[in-house]
A.B. asks: 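Here it is: the structure, laid out below.
Only heavy atoms go into these numbers, but all of them, side chains included; no hydrogens, no water, no symmetry mates. Here the structure is a predicted model, which means the values were calculated and not measured. In what follows, chains carry the letters A, B, and so on, assigned in the order in which the sequence lines appear, proteins first and then strands, with residues in each chain numbered from 1.
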There are 2 protein chains.
Amino acid sequence: MSRPLAVDRHGQILQALDAQGSVSVSDLAERFNVSMETIRRDLKLLAEEGRLVTVHGGAHRLSNEPSLSRRTIENAEGKAAIGRAAAEFVEDGMAILIDSGSTTLALAQALTNRGDLTVLTNSLPIGLLLARTKTIKTVLLGGEIEPNDEAAFGLDTLDLIAKYRVDLAFIGAGGISETGQFTDYTRLAAEQRSRMAAAAKATYVLADHTKFSKRTPVPIPIASPIAGLITDYMPKGEVAPEAAARIWPIRIAGSKP
Amino acid sequence: MSRPLAVDRHGQILQALDAQGSVSVSDLAERFNVSMETIRRDLKLLAEEGRLVTVHGGAHRLSNEPSLSRRTIENAEGKAAIGRAAAEFVEDGMAILIDSGSTTLALAQALTNRGDLTVLTNSLPIGLLLARTKTIKTVLLGGEIEPNDEAAFGLDTLDLIAKYRVDLAFIGAGGISETGQFTDYTRLAAEQRSRMAAAAKATYVLADHTKFSKRTPVPIPIASPIAGLITDYMPKGEVAPEAAARIWPIRIAGSKP
DNA sequence: CCCTTAATGTGACTTTATGTGGCTTTGTAG
DNA sequence: CTACAAAGCCACATAAAGTCACATTAAGGG
């Protein structure tokens with residue numbers, strides 16, 4: 001009798017996992033007409049590859065954690081891709097500055113397995129996340145906490161930024177105008193981002209595609225060289241690509257329009 | 001018969017908790033068709049992970065992220081009592097300063113239903129917790145993050161403290177000597193707490209009974225008037241009660257030896 | 001063909017999850 | 001403050017799930 005390939009089964013297990021979030025050993029054994037032991041071996045193998053985590057009775061996918069705040073989930077995939085792309089510019093031994101925001105949080109997430117870094121941030125979640133690695137030296141730029149951003153803003157924050165000098169700054173933006181200008185919701189936020197950029201030798205702007213359709217009132221003046229805009233993809237028509245490309249190189253992370 | 005996966009149940013419990021704020025053991029038992037005992041075990045497990053807090057009859061979500069989980073649970077009841085007692089000294093309209101630590105976090109918990117307050121803190125979990133109330137104005141005293149404390153320390157923090165003046169300061173301590181002196185683990189932490197006290201019109205020290213048996217190396221010099229030591233109970237013999245009472249009034253929160 | 005190898009099945013034994021019953025604790029109505 | 005029902009806790013029982021060693025089978029290469 002021809003034996004069905006184990007690889008096919010593995011693929012289907014992962015597919016089921018993707019659809020349902022979790023699978024049970026007994027269900028799979030019945031579905032594929034193999035013994036539970038075989039399924040267990042499959043799951044063990046896949047677990048070793050880091051494709052799932054096994055639990056008593058079955059397995060579930062790794063990203064199943066229903067924590068994290070709501071906004072983080074919005075276009076999570078795109079933001080994670082941006083985060084990974086941005087992390088590639090960070091070299092060991094660097095001091096970097098990370099702005100608040102869900103996109104920059106994805107960058108922090110991508111840096112958690114790194115060491116020998118100094119990270120300055122005004123974001124509380126990013127600060128907590130990186131401090132817990134215990135290998136990344138983290139400095140929190142204090143100030144008045146803005147509840148929506150869960151980050152510090154204000155005179156104190158501006159003062160603190162001025163005291164530091166970093167290799168790279170990764171800042172977010174409230175929106176991007178059709179002329180390629182970064183914009184923000186408030187005067188203070190715009191000023192703060194501007195000062196962050198000024199404290200760095202080079203600045204990357206992190207913005208996912210949803211920012212292209214947003215128009216916010218205050219332009220962010222950026223004096224220091226913009227090393228690049230890192231985004232997941234660029235919607236057509238929202239901003240003149242030539243103009244944009246002329247001003248700052250665009251790094252597209254991930255794919256799919 | 002195949003048993004449904006326990007992790008799925010855990011996930012759904014957390015989801016329900018996120019949506020409803022609290023869940024009851026009996027409801028969950030009925031919903032998942034398992035015994036109440038099983039649900040209790042689930043909740044206990046999740047509570048140990050710091051994902052929720054159990055109460056008589058069920059569980060409710062904790063308003064802050066999983067963080068100091070381990071230490072927070074240690075003598076949680078005593079610390080909660082201390083937090084509630086300390087909160088009574090805080091009046092509407094006040095500006096207060098809250099030090100980092102699991103005991104002071106309990107104070108922050110007790111303040112979450114209040115409004116019209118300004119709170120300064122160097123603790124990230126406290127900052128996040130209070131900022132999310134949206135009614136309490138929160139200022140984070142930034143600086144280098146100490147991973148174990150999840151709080152900011154250092155020159156920047158000292159600078160920021162000096163810029164403010166508050167009505168009350170609530171500080172922690174690493175230990176209490178038999179002569180009634182507050183002590184700390186490091187020179188920097190001691191200095192910082194000392195400055196916090198100096199920035200306030202009056203200072204309360206929050207310490208649960210476990211601190212009486214701890215002797216840490218650096219004394220905390222406190223210049224401003226100590227309004228009181230707030231503790232759950234005082235172990236006999238560890239510190240001369242007369243001496244202690246002479247220096248600062250003791251407020252015993254809660255009960256049981 | 002026979003031999004090797006990888007995948008799968010089997011059975012004995014261990015571990016885990018859940019249920020059950022007796023007893024204690026807690027919350028609350030009277 | 002007391003009484004009592006609901007909830008919690010603990011110890012034990014049990015069935016499902018996991019583990020491990022060994023047997024079996026199919027595929028492939030001389």
Side-chain angles (χ1 to χ4, degrees), chain A residues 1-17 20-62 64, chain B residues 1-17 20-62 73-81 83-84 110 232-233 253-257:
Chain A
M1 201 206 302
S2 83
R3 210 197 301 246
L5 294 182
V7 196
D8 291 345
R9 205 176 47 233
H10 292 171
Q12 288 189 52
I13 289 175
L14 289 171
Q15 209 172 314
L17 204 63
Q20 300 161 239
S22 66
V23 290
S24 84
V25 173
S26 50
D27 285 356
L28 291 173
E30 195 178 341
R31 170 169 164 190
F32 296 114
N33 274 311
V34 294
S35 71
M36 310 234 299
E37 181 62 24
T38 301
I39 297 294
R40 277 188 209 107
R41 283 193 267 245
D42 288 344
L43 296 180
K44 195 176 168 191
L45 203 94
L46 293 167
E48 274 163 13
E49 288 175 18
R51 323 251 301 177
L52 50 79
V53 285
T54 57
V55 293
H56 194 92
H60 67 85
R61 55 168 171 238
L62 333 106
N64 216 13
Chain B
M1 203 208 301
S2 85
R3 216 191 308 225
L5 298 184
V7 271
D8 289 345
R9 203 177 48 233
H10 294 167
Q12 288 188 52
I13 289 174
L14 290 171
Q15 214 170 307
L17 207 61
Q20 299 162 234
S22 64
V23 290
S24 84
V25 173
S26 50
D27 284 356
L28 291 173
E30 194 179 343
R31 170 169 165 190
F32 297 114
N33 274 311
V34 293
S35 70
M36 311 233 304
E37 184 61 26
T38 300
I39 297 294
R40 275 187 212 107
R41 283 193 267 242
D42 287 345
L43 297 181
K44 194 176 167 191
L45 203 95
L46 293 167
E48 273 164 16
E49 287 175 18
R51 327 240 329 195
L52 50 78
V53 281
T54 56
V55 292
H56 194 91
H60 64 82
R61 66 168 158 232
L62 59 184
I73 289 162
E74 194 176 300
N75 189 25
E77 209 175 312
K79 285 171 181 171
R84 284 191 299 270
D232 47 350
Y233 75 91
S255 56
K256 69 183 80 166

A.B. asks: Distance check needed: dA7(D) C1' versus Asp27(B) CG, whole Å only.
C.D. replies: 14 Å

A.B. asks: Please check if the side chain of Arg51(A) supplies one atom and the backbone of Leu46(A) the other of a donor-acceptor pair under 3.5 Å.
C.D. replies: no

A.B. asks: Is the phosphate of dT8(C), meaning OP1 or OP2, less than 4.0 Å from a side-chain N or O of Arg9(A)?
C.D. replies: yes

A.B. asks: Let me know the distance between CG of Asp42(A) and P of dG18(D), rounded to the nearest Å.
C.D. replies: 13 Å

A.B. asks: Hey, mind stepping through Arg41(A) and Glu37(A) against salt bridge (charged side-chain N to carboxylate O under 4.0 Å, His left out) and telling me if it holds?
C.D. replies: CA-CA 6 Å; Arg41(A) 283 193 267 245; Glu37(A) 181 62 24; 3.8 Å; yes

A.B. asks: In whole Å, I'd like the distance from the CG atom of Leu28(A) to the P atom of dG9(C).
C.D. replies: 13 Å

A.B. asks: With heavy atoms under 4.0 Å as the rule, sort Val55(B) into base, sugar-phosphate or nothing.
C.D. replies: sugar-phosphate

A.B. asks: At their closest point, which heavy atom of Leu17(A) faces which heavy atom of Arg61(A), and how far apart are they?
C.D. replies: O-NH1, 3.2 Å

A.B. asks: Taking atom C1' of dA6(C) as reference, at what distance in whole Å does atom CG of Leu45(A) sit?
C.D. replies: 13 Å

A.B. asks: Take the protein atom CD1 of Ile39(A) and the nucleotide atom P of dG9(C), then report the distance between them rounded to whole Å.
C.D. replies: 9 Å

A.B. asks: Output the distance between atom CD1 (Ile13(A)) and atom CG (Asp8(A)), rounded to the nearest 0.5 Å.
C.D. replies: 11.0 Å

A.B. asks: Could you tell me the separation between the CZ atom of Arg40(B) and the P atom of dC10(D), rounded to a whole number of Å?
C.D. replies: 12 Å

A.B. asks: Can you figure out which of dG18(D), dT18(C), dA7(D) approaches the side chain of His56(B) most closely?
C.D. replies: dA7(D)

A.B. asks: Nearest whole Å is fine: how far is dA17(D) P from Leu5(B) CG?
C.D. replies: 9 Å

A.B. asks: Does a distance-only test, which skips hydrogens and angles, find a donor-acceptor pair under 3.5 Å between the side chain of Arg41(B) and the base of dG8(D)?
C.D. replies: no

A.B. asks: Closer than 4.0 Å, any side-chain N/O of Ser35(A) to the OP1 or OP2 of dT8(C)?
C.D. replies: no

A.B. asks: Would you say Glu30(A) has more than 12 foreign heavy atoms packed within less than 6.0 Å of its CD?
C.D. replies: no

A.B. asks: In whole Å, what is the span from the NZ atom of Lys44(A) to the P atom of dG18(D)?
C.D. replies: 12 Å

A.B. asks: Look at the side chain of Thr38(B) and decide which nucleotide, out of dG19(C), dG8(D), dT8(C), has an atom nearest to it.
C.D. replies: dG19(C)

